[in-house]
Amino acid sequence: MRVAVTGSSGFIGRRLVARLAETGADVVALDLVAPAQAVPGVRYLTGDGTVGLAQLTQDWQGSEWTLVHLAWPMARGRAWTPQAQVVHQ
């Protein structure tokens, strides 16, 4: 099983990545920040995820894989607010 996880350094993401790796899954973890503690066998990509996902679609072309999207915009110590993200009216 091939799985890409965005938000992989977050509370849920890091636990999911570890569990998937334990089951033998081919895991790629994507996040804006590097993990505090890397899980052996997991490929980590640091950045906004767009470049990492573009590379994965090429690397994994022709095979089945799953994307688990756990990324969420946050500022350190403050939760994201909808008022800050008005794009189109």
Side-chain angles (χ1 to χ4, degrees):
M1 171 173 46
R2 290 181 161 175
V3 183
V5 180
T6 65
S8 59
S9 291
F11 181 79
I12 296 170
R14 67 179 177 261
R15 287 163 175 77
L16 177 62
V17 165
R19 182 66 183 120
L20 287 167
E22 285 176 8
T23 66
D26 181 4
V27 182
V28 175
L30 302 106
D31 205 302
L32 287 173
V33 297
Q37 185 174 7
V39 175
V42 173
R43 178 176 163 196
Y44 288 91
L45 300 175
T46 304
D48 71 1
T50 57
V51 174
L53 287 174
Q55 183 63 49
L56 285 180
T57 57
Q58 288 180 356
D59 292 351
W60 290 353
Q61 188 172 8
S63 63
E64 290 187 22
W65 58 284
T66 301
L67 171 65
V68 180
H69 181 50
L70 298 174
W72 186 255
M74 295 209 39
R76 257 195 215 278
R78 295 186 321 231
W80 174 83
T81 59
Q83 297 83 0
Q85 292 295 317
V86 174
V87 178
H88 294 78
Q89 293 265 0

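Cluster annotation: L16 and M1 are assigned to the same hydrophobic cluster (Ile/Leu/Val/Met/Phe/Trp/Tyr, side-chain heavy-atom contacts under 4.5 Å, transitive). A continuous path of ILVMFWY side-chain contacts below 4.5 Å connects V3 to V42, so both sit in one hydrophobic cluster. Hydrophobic clustering (side-chain heavy atoms under 4.5 Å, transitive across Ile, Leu, Val, Met, Phe, Trp, Tyr) keeps V68 apart from W60. No continuous path of hydrophobic side-chain contacts links L45 to V17 [ILVMFWY only; heavy atoms under 4.5 Å]. Under the 4.5 Å side-chain contact rule for hydrophobic residues, L32 and V5 do not share a cluster.
Counting only heavy atoms from C-beta outward, the side chains of V39 and Y44 approach each other to under 4.5 Å. For the pair V28 and W65, the minimum side-chain heavy-atom distance is 4.5 Å or more.
Taking OG1 from T57 and CG from L67, the interatomic distance works out to 11.0 Å, rounded to the nearest 0.5 Å.
At distances below 3.5 Å, not a single donor-acceptor pair connects side-chain atoms of S8 with backbone N or O atoms of R14. The closest donor-acceptor contact from the side chain of S9 to the backbone of V33 lies under 3.5 Å.
Counting all heavy atoms, side chain and backbone alike, T6 lies closest to A71 at OG1-N, 3.3 Å.
The pair D59-R2 fails the salt-bridge criterion, with no side-chain N (NZ, NE, NH1 or NH2) lying under 4.0 Å from an Asp/Glu carboxylate O.
The local environment of CD in E22 is crowded, with over 12 non-hydrogen atoms from other residues, nucleotides or ligands closer than 6.0 Å.
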